[in-house]
Amino acid sequence: MAGIDEPPPTPTTALETGPRAKAPLAPLAAIISRRARARLALVLVTAFALLFPILHHNDADIDSAANALSFASLALGLNIVVGFAGLLDLGYAAFFAIGAYAYGVASSFQLQPEWSSVWEPFRWLDLVARMPGATGDVVHFQVSFWLMLPIAAAIAAFFGVLFGAPTLRLKGDYLAIVTLGFGEIVPIVARNIPSVTNGAMGLNGVAPPQLFGYSFGVNATPYYYVGVALVALLIITSLRLKNSRVGRAWMAIREDEIAAAAMGVDRVRFKLLAFAIGAAFAGATGTFYVAKLQTATPEMFMFPVSVMVLVMVVFGGIGSVWGVVIGALLLQVLQSWFLQDLSQWLHALGRLISVDWLQHVELASSIELIFGVILVVMMLYRRDGLIPASRRMPALSIDQQSTQVSRGGFDALRDLAAADRAAAGSLLGITDLTVRFGGLVALKSVSLNVPTHSIVAVIGPNGSGKSTLFNVVTGLVAPDGGSVYFAGKEIGRLPPHRVLERGIARTFQNIRLFPNLTVLENVMIGMHARLGTGAAGALLRLPKTRREEEEARERALEILALFGNRLLPRADHVASSLSYANRRRTEIARAVAARPKLLLLDEPTAGMNPAETRELADQIRGLHQAGLTLVLIEHKLDVVVSLADQVVVLDHGEKIAEGPAETVRSDEEVIRAYLGRGTVYA
Amino acid sequence: MTEYEVLLQQTINGLSLGAMYALLALGFTLVYGILELINFAHFNVFMVASFIGMWALQLFGVSGQTRILTGAALAGVLAFAFVVTMAAAGVIGVAIERLSLRPLRGVRGTAAMITTIGVNYILFNAILLTVGAGSENYPNPLPVVRWQFGHVIVELKEVLIWVVAVVLMVALHLFVNHTRLGKAMRATAQDGEAARMMGVDVDRIIVIAFFLGSALAGAAALIFGLYYNYTSFIVGYTVGLRAFTAAVLGGIGSITGAMVGGLLIGLIETLGGQLIAVRWTDVIIFSILVLVLVVVPSGLFGRSNPQKS
């Protein structure tokens, strides 16, 4: 550890020599920057998408392309739910169905209630028409396609929330099953209420969209362009959401739900948001699809459709926006063009060599077999998909790896907890706290007091209830008795994200970073509660939002700079690639990013060598000097002695001693607890 | 026929269906109990097994419902069909585990489940592309023997189903609770890591779970064919999802739960169809699936905690 006594470097130098600048550059890349290349690719793709129907006059092919685009929209929507938020939805087609039937019923002759004056204002708005019926005048619904597009999205989003709300407690495969159940129920209901949906026969005469008096009819080209616009809109929406506070919150939930909650993410709210937005995408797509087909039958929305969209997402790359679009388009092209051509070639081959069965092979009918193979092969050999959502970073150079550690250099964060510096008295007050797990009493009437601007160490043998204490304070475990006061207010039964909002951040004994997110993203999730961008803000990306995002980024880098160049050169590396000690540091940085008044550190120096331990102890002291109040659980007594103003000793869930480190050290009870009850060894 | 007799008749029908669902549900539960994996491939292991059973019966020249056997010939043919179907289904299950799931051991998240969806599709299309989309007239050598109580009828095939189901379930119970391997299996279900450290070959236990679960699906498949006298490439999904609901209702991971859940779903299907309407039975069953998971995720007999990650 040569660097430990060297003067701290200025963090900015490390910033400028980020890993990207030193990556070996390909000749092309040397001329055109990555950003410019991405722009060029975007322009080419857009130009191709726009010119395709002009260059290629085959109406059937344009029609297939329009269908492919609707599946790309579905894949983008499912990607929000599965890819971003990590909620496996196997009944996604249900929302597709809801959007489809919403438009189908609102623009066809299916529902024809009797005419009455109630409908007059709607007729004035041109939503309905008065039509002569068999027994008198009836209402004909003729809501415009363009109006229904957002309305269907909203209706689907409503059902997304309705289906999502009761299932939020469930994880992974259980959630998948519930959504599968919903996905089954919706088409069956559609089949069983023919008065609204015309049952298995399907809706008749859904109106095609009209634009300035021109009806799209059955001409494929206008649908194609609507499809392109829809996909473009959804791509922009997905990208903007992904690179925002909302997207980070989703990915945090996906990576580690408990840690996300502890870092201030309101799980219920963001999961519902993911469900709602994903469903809205499907609802709008349903409207488009039905307008194009001009009918809707329950069979169009069954389980195979949900699976097909899932295959597209998995194939393209779970969580990767461009990946899922390409995955969807490729699979559709495969299905509607390539397999048919291939079948015809095989038929020709069969005729040529007089093999009978070759002349009857229909590869298009084996598309599901291909889907199955794709799912299995992708899961076994390329779980990240065609275009992985996160790119691998090159390894650091020796120069970047050599340690230059700042000790106590916390000047950058003088404002850390400035507001409460002056306030005296108790910051955290715990009285008679009791927690039971079944028959085990994890905490038994524990009371303790953490004065403002102090460092309190909690020590005790394994299983003495230290981490449980942290879990109760941060809202992860509900207490069975007693109360927790923070800054004079009861917080004992607040959910974790509310506790963090009040100003308590923590680290975990068994490190709970978000493994597939970068170090920078991890730290920025720590700021979640201190930032205000919502879904609408992320979509519109107003100057205020941009500024907030830019400031958050800068502050996150400042916080990383607290640890010298240990984390800064690795800011764009995924957390799972870090060393154990760096993961601990990142977790502390993430907690500090939440601007806490009180920081709870659970064994911060575990697994560190003596030099690293000293370095971290200095950094913890720096945090304290910057104005934070700290509680730490620690086994290394030299750290405890050098840092803590006060030591609390727990044993078997009871507080057995409390006081300055020196007194506690010589306490009879404490020695007995550490050496064992009733030992006879002297 | 009085209303009471109608309900009694539907109860008897429900018990037969329920026995089939229970056998199939056991496969979901055995695998889930050990791997915490929802095995979607189980749906079409059942479907493929129904075809294997059909071919096994056809080996003896049984086709359709015209060639009736009695006595020892009947017992022998049926025993052969059950053994072959169960063994073949078991082998398919083991193959699925070895080829597609073992490489994913230790991968977190839903990768393994997505893989089983893929395998499910492959099995489905393997039959669709080789046998075709038509529905097959199932060979059935059972003589039509009926016992009539008032207007309530009990058929020989139903008695056969009950006997087979009870024998298999008792055998499974004895295996799990009274053998060394069964004990290892229970240990693995509770804590795979601890079991491994105590010398249990966990991979072998997983293979056994897949074999037993799939073999029971094979028995259920033959029962399906003999009961309904047809099979087709699409039967796996509907029957499988109902059986899965049964496993969830009973408490997935619980063997008793799968048995009880299966019977309940069978009864709900027949009585619900009678009292409400057949076209709504699936909505009822899937609503139960959703409600159970949302309200009591551990089901009737389960101990597991589905909220854990």
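A, B, ... follow the sequence lines: proteins, then strands. Residue 1 opens every chain. Computed from heavy atoms alone, side chains included, the values below leave out hydrogens, waters and symmetry copies.
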What part of [X] gets closer than 4.5 Å to chain B, counting heavy atoms only: side chain, backbone, both or neither?
| X | value |
| --- | --- |
| A/Phe163 | neither |
| A/Ile370 | neither |
| A/Val311 | neither |
| A/Pro187 | neither |
| A/Leu180 | side chain |

**Asked** Any chance CZ of B/Arg98 has more than 12 other-residue heavy atoms, nucleotides or ligands included, within less than 6.0 Å?
**Response**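 Result for CZ/B/Arg98: open.
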**Request:** Could you tell me which portion of B/Val292 (side chain, backbone, both or neither) has an atom closer than 4.5 angstrom to a non-hydrogen atom of chain A?
**Result:**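 The answer is neither part of B/Val292.
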**Asked** Where on B/Ile114 is there a heavy atom nearer than 4.5 Å to chain A: the side chain, the backbone, both, or neither?
**Response**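 Answer is both: backbone and side chain atoms of B/Ile114 are under 4.5 Å from chain A.
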Does some side-chain heavy atom of [Y] sit less than 4.5 Å from a side-chain heavy atom of [X]?
| X | Y | answer |
| --- | --- | --- |
| A/Leu90 | B/Ile117 | yes |
| B/Leu293 | A/Ile177 | yes |
| A/Arg383 | B/Leu104 | yes |

**Request:** Report the relative orientation of the aromatic rings in A/Tyr174 and B/Tyr32; use parallel for angles under 30°, tilted for 30 to 60°, perpendicular for over 60°.
**Result:**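 Taking B/Tyr32 first and then A/Tyr174, their aromatic rings stand perpendicular (interplane angle over 60°).
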**Asked** Which heavy atom in A/Glu368 sits nearest to a heavy atom in B/Tyr121, and how many Å separate them?
**Response**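 Scanning both residues, the minimum pair turns out to be O-CD2, 3.4 Å.
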**Request:** Give a yes or no on whether the backbone of B/Arg279 and the side-chain of A/Asn192 come within a donor-acceptor separation of less than 3.5 Å.
**Result:** yes
